[in-house]
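Small disclaimer: the values here were computed from a predicted structure and weren't measured.
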Amino acid sequence: MPPTLMHLRVLLPYQIFVEKAGVSRIVADTQAGSYGLLPQRLDCTAALPPGILMYETAADGQVFLAVDEGVLVKAGTEVMISVRRAVRGNDLQHLHELVTKDFLQVEVREQEARSTMARLENGFLHRFAALHHE
């Protein structure tokens, strides 16, 4: 009887980032530490903080993903991981460079958007207060 392998899906809010059959093992960072998944492991769920996810297939070897916070669900041989952002790297050094470039740029844009929203809200409140006094 051939060994059972897992089917992995990594989902982003707007697309399927990875869909891979034949996954022999997965290692994810959770809030309780690193968590390894093998095909015969019991079903589980886990909250994922930002960190490194590794999966292994016979064809690709070890593949590393940097993921933002999300959730992991294992049901039978199906593993679904839903995260806000993810990037793939060939090795950990390359992944570190990608994370530094991609994730930090997104955080700067998010901070700028929050600042703009705060200015808009402040302006609205001032105009509303002025209108209320008239």
Side-chain angles (χ1 to χ4, degrees):
M1 182 160 116
T4 304
L5 298 174
M6 295 178 285
H7 181 246
L8 172 65
R9 274 183 279 183
V10 178
L11 307 174
L12 300 178
Y14 50 88
Q15 75 181 48
I16 298 174
F17 185 70
V18 171
E19 183 156 8
K20 200 66 157 172
V23 176
S24 58
R25 71 184 180 120
I26 299 168
V27 178
D29 291 332
T30 69
Q31 295 181 358
S34 284
Y35 200 57
L37 298 174
L38 297 172
Q40 303 303 324
R41 183 174 178 83
L42 294 176
D43 295 349
C44 63
T45 61
L48 301 177
I52 301 295
L53 173 82
M54 186 279 298
Y55 69 89
E56 186 172 353
T57 66
D60 301 327
Q62 290 184 349
V63 178
F64 297 97
L65 306 176
V67 296
D68 204 346
E69 60 190 8
V71 65
L72 176 148
V73 177
K74 181 183 184 300
T77 59
E78 298 290 320
V79 178
M80 191 174 311
I81 298 170
S82 179
V83 293
R84 290 179 22 182
R85 294 177 290 199
V87 293
R88 180 186 351 232
N90 299 331
D91 57 39
L92 292 176
Q93 177 63 34
H94 182 242
L95 194 60
H96 181 270
E97 292 167 4
L98 288 173
V99 166
T100 301
K101 185 177 115 190
D102 291 346
F103 281 25
L104 295 181
Q105 285 179 357
V106 168
E107 288 183 18
V108 166
R109 286 193 303 261
E110 287 177 352
Q111 186 177 19
E112 289 171 353
R114 283 192 298 272
S115 176
T116 300
M117 286 301 296
R119 285 193 305 272
L120 287 171
E121 289 171 359
N122 192 24
F124 172 78
L125 291 174
H126 283 295
R127 287 187 196 106
F128 186 74
L131 190 70
H132 185 264
H133 289 323
E134 290 181 0

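- Applying the side chain to side chain donor-acceptor pair (under 3.5 Å) rule to Q62 yields no partners; only residues at least two apart in sequence or on another chain are considered.
- Across A86 and V67, no two heavy atoms sit closer than the pair CB-CG1, 4.1 Å.
- Linking ILVMFWY residues whenever their side-chain heavy atoms come closer than 4.5 Å, directly or via other members, leaves Y14 and L11 in distinct clusters.
- Residues M80 and V63 fall into different hydrophobic clusters, defined by Ile, Leu, Val, Met, Phe, Trp and Tyr side chains chained together at heavy-atom separations under 4.5 Å.
- Atom OG in S82 sits 10.5 Å away from atom CG in L72 (nearest 0.5 Å).
- Grouping Ile, Leu, Val, Met, Phe, Trp and Tyr by side-chain contacts under 4.5 Å, direct or through others, leaves L38 on its own.
- Applying the side chain to side chain donor-acceptor pair (under 3.5 Å) criterion to R84, with sequence neighbours excluded, gives E69.
- Counting all heavy atoms, side chain and backbone alike, A28 lies closest to L48 at CB-CD2, 4.1 Å.
- Each of V71, V73, L8 was evaluated against I81; a single residue qualifies, L8, per the side-chain contact (heavy atoms from CB on, under 4.5 Å) test.
- Contact detail for P39 and S24: the closest heavy-atom pair is CD-O, 3.2 Å.
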Listed pairs under 3.5 Å, donor-acceptor, residues 49-56 side chains, sequence neighbours left out:
unit_1 : atom_1 : unit_2 : atom_2 : d
E56    : OE1    : R25    : NE     : 2.6
E56    : OE1    : R25    : NH2    : 3.2

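- Closest heavy-atom contact between L37 and K74: CD2-CD, 4.1 Å.
- In plain terms, the two heavy atoms of T30 and A46 that are nearest each other are CG2-CB, 3.9 Å.
- Within the hydrophobic cluster formed by Ile, Leu, Val, Met, Phe, Trp and Tyr side chains joined at under 4.5 Å, directly or through other members, L42 stands alone, with no partner residue.
- Taking the side chain to side chain donor-acceptor pair (under 3.5 Å) definition, one finds that Q15 meets it with nothing, sequence neighbours left out.
- Listed by first and then second residue, the salt bridge (Lys or Arg N to Asp or Glu O under 4.0 Å) pairs involving residues 37-55 amount to none (not counting sequence neighbours).
- Partners of K20 under the salt bridge (charged side-chain N to carboxylate O under 4.0 Å, His left out) rule, at least two apart in sequence or in another chain, are D60.
- The salt bridge (charged side-chain N to carboxylate O under 4.0 Å, His left out) check on R9 picks up E78, with sequence neighbours excluded.
- Using a 4.5 Å heavy-atom cutoff, the side chains of L65 and V18 are in contact.
- Listed by chain and residue number, D29 satisfy the side chain to side chain donor-acceptor pair (under 3.5 Å) test with S34 (two or more places apart in sequence, or in another chain).
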